[in-house]
Number of protein chains: 2
Amino acid sequence: MQKHLDIPPRVAILQHLFKIDACFCGDLVKEIGLAQPTISQHLKELKYLGLIKGTVEGTSVCYCIDTENWTEMKEIMSEFLGQDLLPKDECC
Amino acid sequence: MQKHLDIPPRVAILQHLFKIDACFCGDLVKEIGLAQPTISQHLKELKYLGLIKGTVEGTSVCYCIDTENWTEMKEIMSEFLGQDLLPKDECC
DNA sequence: AATATTAATCGTAATATTGCAATGAATTAA
DNA sequence: TTAATTCATTGCAATATTACGATTAATATT
């Protein structure tokens, strides 16, 4: 099988955007070890999902976390992760 | 684009195992609208990930959430989801 | 205007995922 | 032992995802 060994690009992008603490541009290409078109695609996806925002600044584009949507996503995830069983239910 | 419209099978399986509150078997086939081999594959994946456990009971198999690993996974996820930006960082 | 820089888009190849029909293995019921 | 039930496995088709080279678009610099 063997999966999830290295951190997925999209997660890496988000984490880096968090680490940079503010906006950021396509140095992600250097940061993460993928070609420029590939990173661009991932950024497009993340933007489509609403998790990041991007604004053109001259020739480059500044990306950052969309904190509102990030929070909303977190709530949805928490709802799923929050469900719990009673301790005794370990029946298997 | 158009994605994530219906709930992914593996999520549906987990949710149902939670809802049932205790163990469960392959009625998941009826519950979720997929063929038996398909469900079986998904259960195998979930077991491989460690999120569920399965014990043979006669001719059928009883599956349930592996609460320990589920908790561990939750912590990993929380670490990722927990990261936050300062409010002012909305620069885009 | 000509060139350089940065990022998006297009086309395509490689790979992964998903789902199912057919079959097999194990257990139970007759 | 034979049939029935339940689940796992196999093989395969359809589709989705991921990544990249080549190109284009837009702005900046000279």
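Below, chains carry the letters A, B, ... as their sequence lines are ordered, and counting in each starts from 1. No hydrogens, no waters, no symmetry mates; every other heavy atom, side chains included, goes into these values.
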Are side-chain heavy atoms of [X] and [Y] found at a separation under 4.5 Å?
X: A:Q41; Y: A:P37; value: no
X: A:E31; Y: A:Q15; value: no
X: A:I65; Y: A:L51; value: no
X: B:I32; Y: B:H16; value: no
X: A:L14; Y: B:F80; value: yes

Rounding to an integer number of Å, can you tell me how far [X] [atom1] sits from [N] [atom2]?
X: A:K44; N: D:dA19; atom1: NZ; atom2: P; value: 16 Å
X: B:E57; N: C:dA26; atom1: CD; atom2: P; value: 19 Å
X: B:L49; N: C:dT17; atom1: CG; atom2: C1'; value: 14 Å
X: A:I32; N: C:dA7; atom1: CD1; atom2: P; value: 13 Å
X: A:D27; N: C:dT6; atom1: CG; atom2: P; value: 9 Å
X: A:L43; N: D:dA19; atom1: CG; atom2: C1'; value: 14 Å
X: A:I39; N: C:dT6; atom1: CD1; atom2: C1'; value: 14 Å
X: B:L46; N: C:dT17; atom1: CG; atom2: C1'; value: 14 Å

Residues that B:E75 engages under side chain to side chain contact (heavy atoms under 4.5 Å, CB included), provided they are two or more places apart: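 Per chain and number, B:E75 pairs via side chain to side chain contact (heavy atoms under 4.5 Å, CB included) with B:T71.
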Would one find a side-chain N or O of A:Y63 under 4.0 angstrom from OP1 or OP2 of C:dA8?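 So the side-chain polar atoms of A:Y63 do come within 4.0 Å of the phosphate oxygens OP1 or OP2 of C:dA8, strictly under.
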Below 4.0 Å: OP1/OP2 of C:dA8 and any side-chain N or O of A:S40: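 Yes, A:S40 has a side-chain N/O under 4.0 Å of OP1/OP2 on C:dA8.
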Where do N or O atoms of nucleotides 18-25 of chain C meet protein N or O atoms at under 3.5 Å, pair by pair?
| from | atom 1 | to | atom 2 | distance (Å) |
| --- | --- | --- | --- | --- |
| C:dT18 | OP2 | B:R10 | NH1 | 3.3 |
| C:dT18 | OP2 | B:R10 | NH2 | 3.4 |
| C:dG19 | OP2 | B:H42 | NE2 | 2.7 |
| C:dC20 | OP2 | B:A35 | N | 3.0 |
| C:dC20 | OP2 | B:T38 | OG1 | 3.0 |

Does B:L28 form a side chain to side chain contact (heavy atoms under 4.5 Å, CB included) with B:L43? I'd like the steps, not just the answer. CA-CA 10 Å; B:L28 290 158; B:L43 289 170; 3.9 Å; yes
Nearest-nucleotide 5' precedence on DNA chain C, B:V56 against A:V61: A:V61
Begin with the C-alpha distance, continue with both residues' side-chain angles, and end with the deciding distance and a verdict on side chain to side chain contact (heavy atoms under 4.5 Å, CB included) for B:T55 and B:V61. CA-CA 6 Å; B:T55 37; B:V61 178; 6.0 Å; no
Do A:V11 and B:M77 belong together in a cluster built from hydrophobic side chains that touch within less than 4.5 Å? yes
Dot-bracket for DNA chain C, please. Rules: Watson-Crick or G-U, both distances under 3.5 Å, ( ) within the strand, [ ] when a pair crosses earlier ones, | for another strand, . otherwise. ||||||||||||||||||||||||||||||
With the side chain of A:S60 defined as its heavy atoms from C-beta on, choose the nearest nucleotide among C:dT5, C:dA7, D:dT5.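 Nearest to the side chain of A:S60 among the choices is C:dA7.
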